Amino acid sequence: MPELPEVEVTRRGFADRIAGARIEAIRVGKPLRWALSVDPGLLVGRTVRGVRRRGKYLLVDLDLGLLLLHLGMSGSLRFDASLPAAGAHDHFDLVTSQGTLRLNDPRRFGAVVYVEDEASPLAGKLLGGLGMEPLGDSFDFEAFHAGLRRRRAPVKQVLLAGDVVVGVGNIYASEALFLAGIRPTLAASRISRPRALRLHGAIREILARAVDRGGSTLRDFSNVDGQSGYFQLEATVYGRAGEPCRICATPIRQLRQGQRSTYFCPMCQKS
DNA sequence: CCCGACACCTGCCGGC
DNA sequence: TGCCGGCAGGTGTCGG
């Protein structure tokens, strides 16, 4: 469910509302991908300073330490003054003076991890290898092109790996490559400078547009207020195998790359 | 160092 | 209707 746009939409939905709140209680459900790594009781009484995003991680800054939050494949957050009793897939509640932040995650690939600071070994393991942020000013084209040039793997998989640029998941990788007219199987190292420039722009455009639209709802994404996004209404290739390309009407093709589905138009993405 | 395969877990869908 | 295989938006780890 959550790629960068969904995570960012989620962040914007509760960052201002939770800032300044005092942690009253924490409820932990079934195990997530990693243990919280702190006695929840120790966090009671601390203050939430704000919420940042790095790649697909949310960083909830406290007056002492921070929580790293990841939504995995199926996670979503709600934030409300009052929430119903925890359901089977509600695995983490952060109860604060300004509302409860709740993680619902059926597959439990997500995580909530406490670290003392971003320089800690655990934070370093999770955040240390992340690539450039695609939105904002830090997404440098020269560095992006250099990152592509040193990789022989298919460009789709380099985008997904997240060590060159973060936030591009399986949906938006296909979408961005379509917009840039690049075949997903092309070795990243073989992408020409002009085409890398198009891809750089396409990534920014696709992600920014999805954030504006409120994220994707291919299956079940909803924002912190429980409303769904509607980017899927304009997916050009993702999930459209066999359907006509919106540009040239050629049937969209699907293939497997690294255990993931990729979609592309064989005409519009010749190489 | 780079790469691909695998692992984690639950739900849903299509086919028989 | 029921069961089974395959698939799903992520990413750390491991072996080659």
Side-chain angles (χ1 to χ4, degrees), chain A residues 1-10 29-35 37 53-58 68-77 87-92 103-113 121-131 146-177 184-190 206-207 210-211 213-223 228-235 237-242 254-263:
Chain A
M1 183 254 332
E3 300 183 30
L4 184 147
E6 294 73 38
V7 176
E8 178 60 19
V9 166
T10 295
K30 286 191 184 179
L32 293 164
R33 180 159 191 188
W34 300 294
S37 86
R53 181 189 54 74
R54 178 75 178 97
K56 296 168 192 165
Y57 286 89
L58 288 174
L68 305 182
L69 220 142
H70 200 287
L71 302 180
M73 290 275 265
S74 58
S76 63
L77 290 176
H89 301 307
D90 295 326
H91 301 303
F92 183 84
L103 174 66
N104 179 277
D105 186 3
R107 293 176 74 180
R108 292 189 280 127
F109 291 170
V112 182
V113 175
L122 184 49
K125 186 180 75 171
L126 301 181
L127 306 176
L130 296 183
L148 293 183
R149 261 182 315 198
R150 73 175 75 100
R151 306 288 289 275
R152 289 155 101 98
V155 58
K156 157 84 171 345
Q157 289 173 250
V158 172
L159 293 182
L160 280 188
D163 49 355
V164 175
V165 57
V166 293
V168 183
N170 205 39
I171 296 177
Y172 300 115
S174 283
E175 295 293 324
L177 287 166
T185 49
L186 180 65
S189 56
R190 300 187 54 200
I206 286 286
L207 295 180
V211 171
R213 300 288 205 280
S216 287
T217 314
L218 273 194
R219 255 183 179 59
D220 52 14
F221 173 69
S222 60
N223 66 19
S228 57
Y230 39 94
F231 182 80
Q232 84 285 1
L233 294 179
E234 50 184 314
V237 288
Y238 187 86
R240 298 192 64 240
Q254 175 178 10
L255 51 83
R256 304 288 291 178
Q257 292 182 285
Q259 334 284 85
R260 318 296 301 279
S261 282
T262 300
Y263 300 85

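Quick caveat: nothing in here was measured; it's all calculated off a predicted structure. Reminder, nothing fancy here: chain letters follow the sequence lines and each chain counts from 1.
Between A/Y57 and the phosphate of C/dG12, there is a side-chain N or O to OP1/OP2 separation shorter than 4.0 Å. In this structure, A/H70 reaches the C/dT11 phosphate: one of its side-chain N or O atoms is under 4.0 Å from OP1 or OP2. Close to C/dG12, at under 4.0 Å from its OP1 or OP2, lies no side-chain N or O of A/K125.
We find that CG of A/N170 is positioned 11 Å from P of C/dT11, with the value rounded to whole Å.
Tested against A/L71, the residues A/N104, A/L77, A/D105 include a single side chain to side chain contact (heavy atoms under 4.5 Å, CB included) partner, A/L77.
Between the side chains of A/Y172 and A/E3, no donor-acceptor pair is found at a separation under 3.5 Å. When only modelled atom types and interatomic distance are considered, A/R256 and A/S261 share a side-chain donor-acceptor pair under 3.5 Å.
Helical stems in DNA chain C, defined as runs of 3 or more consecutive Watson-Crick or G-U wobble pairs with donor-acceptor distances under 3.5 Å: B:2-8 with C:10-16, B:10-16 with C:2-8.
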Protein N or O to nucleotides 8-10 of chain B N or O, pairs below 3.5 Å:
| unit_1 | atom_1 | unit_2 | atom_2 | d |
| --- | --- | --- | --- | --- |
| B/dC9 | O4' | A/R107 | O | 3.3 |
| B/dC9 | O3' | A/R108 | NH2 | 2.7 |
| B/dC9 | O2 | A/R107 | NE | 2.9 |
| B/dC9 | N3 | A/R107 | NH2 | 3.4 |
| B/dT10 | OP1 | A/R108 | NH2 | 2.7 |
| B/dT10 | O4' | A/P106 | O | 3.4 |

Please enumerate all protein N or O atoms sitting under 3.5 Å from an N or O of nucleotides 3-6 of chain B, with distances to 0.1 Å.
| unit_1 | atom_1 | unit_2 | atom_2 | d |
| --- | --- | --- | --- | --- |
| B/dC3 | OP1 | A/R152 | N | 2.7 |
| B/dC3 | OP1 | A/A153 | N | 3.0 |
| B/dC3 | OP2 | A/R151 | NE | 2.3 |
| B/dC3 | OP2 | A/R151 | NH2 | 3.2 |

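Under the side-chain contact (heavy atoms from CB on, under 4.5 Å) criterion, A/Y57 pairs with A/W34, A/L59, A/H70, A/L126, A/L127, A/L130, not counting sequence neighbours. Residues satisfying the salt bridge (Lys or Arg N to Asp or Glu O under 4.0 Å) test with A/R151, not counting sequence neighbours, are A/D163. Shown here are the salt bridge (Lys or Arg N to Asp or Glu O under 4.0 Å) partners of A/R54, two or more places apart in sequence or in another chain: A/E133.
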